[in-house]
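Counting begins at 1 with the first residue of the sequence.
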Amino acid sequence: CVEPVAVSDSNEREQVEVVSKLMSDLLASAWACDLNRVASFQLTGSVGGTVLSTLGHRLTTHTISHLEGGATLEDCHQCALFAVKRFAYLLGKLKSMPDGSGNLLDSSCLLFTTDVAEGPPHSTHDYPILVAGRARGALKYPGVHVRSSSGENTSDVLVSCLQAVGAGVT
């Protein structure tokens, strides 16, 4: 078990990518050392003032999501892709760390989502949810893609994740 390397704050712009990398490293280290096996990781605040300046943006992600201030749908997609890449880093980190006969990703169940669906209307209908990991064989691999057309309750995904990790819920 090793401590992640600290980063100094620039006091100028949010270092979202650097901080998310360190948080992923810290989370993976805590799981590898069996200090903790449950975590929540929120990349940016839901209605926060995060500016992804590394993407060349000057507007907050929330302003961009409403396509205000000259923001485009492409800007909105860049923000979403940025978040997915941060999640991919965490998955890669977990996959690179041994755990039993596999790796930490094999042993885990991770849920990645957003609080709303696409763009300006902030609809809660048909928003994306990604579940990753194998939960020690409790989750199907190589995986499935489901698009609900029947208005199913998305809370069922959360219950499935809890069941996959043996939380004993029905």
ask   = Passes side chain to side chain contact (heavy atoms under 4.5 Å, CB included), Glu17 versus Lys85? Steps please.
value = CA-CA 10 Å; Glu17 187 169 356; Lys85 286 181 178 180; over 6 Å; no

Contact summary for Leu139 and Cys109, nearest pair of heavy atoms = CD1-SG, 3.9 Å

remark   = Taking every heavy atom of Leu59 against every heavy atom of Glu68, the minimum-distance pair comes out as CD1-O, 3.6 Å

Are [X] and [Y] close enough that some pair of their side-chain heavy atoms sits under 4.5 Å apart?
X: Val157; Y: Leu111; value: yes
X: Asn103; Y: Arg134; value: no
X: Cys79; Y: Ile64; value: yes

Kindly compute the distance separating [atom1] ([X]) from [atom2] ([Y]), expressed to the nearest 0.5 Å.
X: Tyr89; Y: Lys21; atom1: OH; atom2: NZ; result: 3.5 Å
X: Leu43; Y: Leu52; atom1: CG; atom2: CG; result: 7.5 Å
X: Gln78; Y: Leu73; atom1: CD; atom2: CG; result: 10.5 Å
X: Lys95; Y: Ser108; atom1: NZ; atom2: OG; result: 13.0 Å
X: Leu105; Y: Met97; atom1: CG; atom2: CE; result: 12.5 Å

query = Does a side-chain N-to-carboxylate-O contact under 4.0 Å join Asp75 and Arg58?
reply =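 Looking at Asp75 and Arg58, the cut-off is not met.
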
message = Taking the basic N atoms (NZ, or NE/NH1/NH2) and the acidic carboxylate oxygens, is any pair closer than 4.0 Å for Arg136 and Asp106?
response = no

Is there a donor-acceptor pair under 3.5 Å between the side chain of [X] and the backbone N or O of [Y]?
X: Ser24; Y: Ser20; answer: yes
X: Ser53; Y: Gly56; answer: no
X: Thr50; Y: Thr61; answer: no
X: Ser65; Y: His62; answer: yes

Cluster link [X] to [Y], ILVMFWY, side chain under 4.5 Å:
X: Leu27; Y: Phe87; answer: yes
X: Val159; Y: Val131; answer: no
X: Leu94; Y: Leu130; answer: yes

message = Test side chain to side chain contact (heavy atoms under 4.5 Å, CB included) on Leu104 and Arg37; report intermediate values, then the result.
response = CA-CA 10 Å; Leu104 282 176; Arg37 289 290 176 126; 4.0 Å; yes

inquiry  = With side chain to side chain contact (heavy atoms under 4.5 Å, CB included) as the test, pick out the partner of Phe112 among Leu91, Val84, Ile129.
reply    = Val84

